[in-house]
Amino acid sequence: MRLRFAPSPTGYLHVGGARTALFNWLLARRSGGSFILRIEDTDLSRSTEEAIEAIIRDMRWLGLDWDEGPEVGGEHWPYRQTGRVNLYRRAAEELLREGSAYRCFCLPEELAERRERAVKEGRSPMYDRRCRSISPEESLAMAREGKPFALRFAVPEGETVVRDLVRGEIRFRNEEIEDFVLLRNDGSPTYNLAVVVDDLDMRITHVVRGDDHLPNTPKQILLYRALGEEEPAFAHLPMIVGRDGKPLSKRHGDVAVGSFQERGFLPDAMVNFLALLGWSLDDSTTIMDRDTLVAGFSLERVSSKPAVWDDEKLLWMNSQYVMAMDAEELAHALMPFLARAGLAEGDDTEALEKMRRIAPLIRERIKVLADAVPLVAFFFREPEAEEEARELLVGEENRAVLRETGKRLLELEGFDAAALESALRAMAEEMGVKPRKAFQPVRVALTGSKVSPPLFESMEILGRETCLRRIARSLEEGGMEKG
Ligand code: GLU
């Protein structure tokens with residue numbers, strides 16, 4: 001199988017595009033075939049270099065590697081449509097020669113006006129095919145005179161059947177298909193021409209894409225036939241919708257792959273989640289690593305019903321993947337987030353070492369990597385006690401606990417979590433304070449918050465000096481607050 005993902009680089013990579021890329025990638029990997037990345041940048045006014053870079057970056061982040069395409073090359077180079085325009089022109093000329101295409105001299109203003117009138121009068125706004133009746137000789141003569149023209153496909157009579165691997169057989173009456181443009185009057189190719197020429201040239205066997213392209217498919221099939229070729233197999237993937245049933249868009253929240261990366265979703269979780277948008281392995285399995293996805297994926301189990309995007313499910317899934325990470329992996333994954341928050345340098349080995357010890361303490365408390373930042377900040381900088389936690393630093397009992405804690409920490413022989421716990425429990429008992437109540441001022445003094453990662457493990461990581469300093473500082477500030 002030879003499959004391709006063919007994004008138009010007009011913005012960020014949308015999660016819907018990523019799902020399309022993933023399904024193609026899974027089929028290629030499953031079949032031992034090839035996955036091709038092709039940049040469809042013929043729309044010069046909307047395509048940008050930044051968008052191409054973003055697509056490549058996001059595909060790499062998701063781990064969807066391609067066998068042919070930008071950066072990796074391949075025998076059908078270049079994999080950018082702007083570098084392949086001659087191929088499209090050649091195909092268009094062939095179609096013209098064979099009588100499957102004709103020159104259309106209608107000017108854009110005229111077309112717009114006719115379309116408007118048709119709509120007003122309740123007729124189809126389709127091109128009325130008037131230039132189709134110009135004889136080839138006259139057409140050539142007009143072209144030689146320098147009259148601008150577009151090239152249109154002459155849609156034949158009859159009916160076109162799309163045999164879709166997901167949706168089954170769909171019939172289109174050709175009379176409802178417009179004589180669509182192949183080359184615009186500036187000589188630039190349209191999507192329908194370029195995509196067919198490329199899919200033929202690159203010997204694509206399966207076109208797997210969003211079902212918003214279904215209306216294009218009969219046109220493309222007609223083009224294959226007119227070029228004397230067989231069309232590839234088609235599979236149109238169901239739309240992704242929000243909970244309101246409308247196509248997933250910015251109104252629903254994040255839709256750019258890049259913003260999920262920024263929030264700290266893991267590529268494996270993302271891939272797992274995307275795979276389940278319109279496909280299932282069976283009736284119950286949700287967590288699947290890449291190998292399982294590759295081994296189990298098939299178009300037969302792709303649904304034709306819209307797939308609903310569920311943020312909660314994605315968060316849950318991500319937390320499952322976070323929990324499965326070992327301390328080393330999690331620490332590495334968190335470093336960029338610490339760096340962005342100004343808590344550490346990206347290549348700070350000391351911070352990384354510390355993060356390795358912290359990771360097991362927070363692994364079950366975060367859903368996305370960014371959640372870790374507020375939880376771990378106190379390990380990296382002096383905490384400011386949160387407003388609602390300050391009360392725990394004043395009052396006689398709290399201050400007595402803090403003073404006594406300071407003393408015991410000073411005397412303690414080792415400084416590991418177990419020793420800390422038994423020392424502070426003994427202290428609470430001797431002072432006649434419930435342990436949980438005794439630990440709260442200590443927690444606030446050390447972390448700035450009433451909720452934190454496990455206290456004794458955190459103290460061990462902070463170390464004796466830091467703990468003592470923070471307790472002393474809290475006593476000082478609490479004293480001032482009291483007046
Ligand atoms: N460039 C088209 C898009 O981004 C590709 C459609 C196709 O896969 O044929 O929608």
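Order of appearance sets the numbers: ligands from 1, and atoms from 1 within every ligand. Predicted model only: the values in this text are computed from it and were never measured. One-based numbering along the sequence shown.
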Check for me whether [X] meets the cation-pi criterion with [Y], that is, NZ or CZ under 6.0 Å from the six-membered ring centre and within 45 degrees of the ring axis.
| X | Y | value |
| --- | --- | --- |
| Arg152 | Phe180 | no |
| Arg340 | Phe337 | yes |
| Arg30 | Phe297 | no |
| Arg19 | Phe23 | yes |

If you count the atoms of ligand 1 from 1 in the order shown, which ones are under 4.0 Å from a heavy atom of [X]?
| X | answer |
| --- | --- |
| Val195 | 9 (O) |
| Arg209 | 7 (C), 8 (O), 9 (O) |
| Ser8 | 1 (N), 2 (C), 3 (C), 4 (O) |

Top protein contact for [atom], by heavy-atom distance:
| atom | answer |
| --- | --- |
| atom 8 (O) of ligand 1 | Arg4 NH1, 2.6 Å |
| atom 1 (N) of ligand 1 | Glu40 OE1, 2.6 Å |
| atom 10 (O) of ligand 1 | His213 NE2, 2.7 Å |

Legend entry - Test: Arg115 and Glu113 ion pair at under 4.0 Å: no
Inset, instruction - State whether the side chain of Asp254 and the backbone N or O of Ala256 hold a donor-acceptor pair below 3.5 Å, judged by distance alone. - result: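 Checking the backbone N and O of Ala256 against the side chain of Asp254, no donor-acceptor pair under 3.5 Å is found.
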Inset, instruction - Determine whether any heavy atom of Phe5 lies closer than 4.0 Å to an atom of ligand 1. - result: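 Not so, Phe5 does not reach ligand 1.
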Inset, instruction - Kindly confirm or rule out an N or O of Ala6 lying under 3.5 angstrom from an N or O of ligand 1. - result: yes
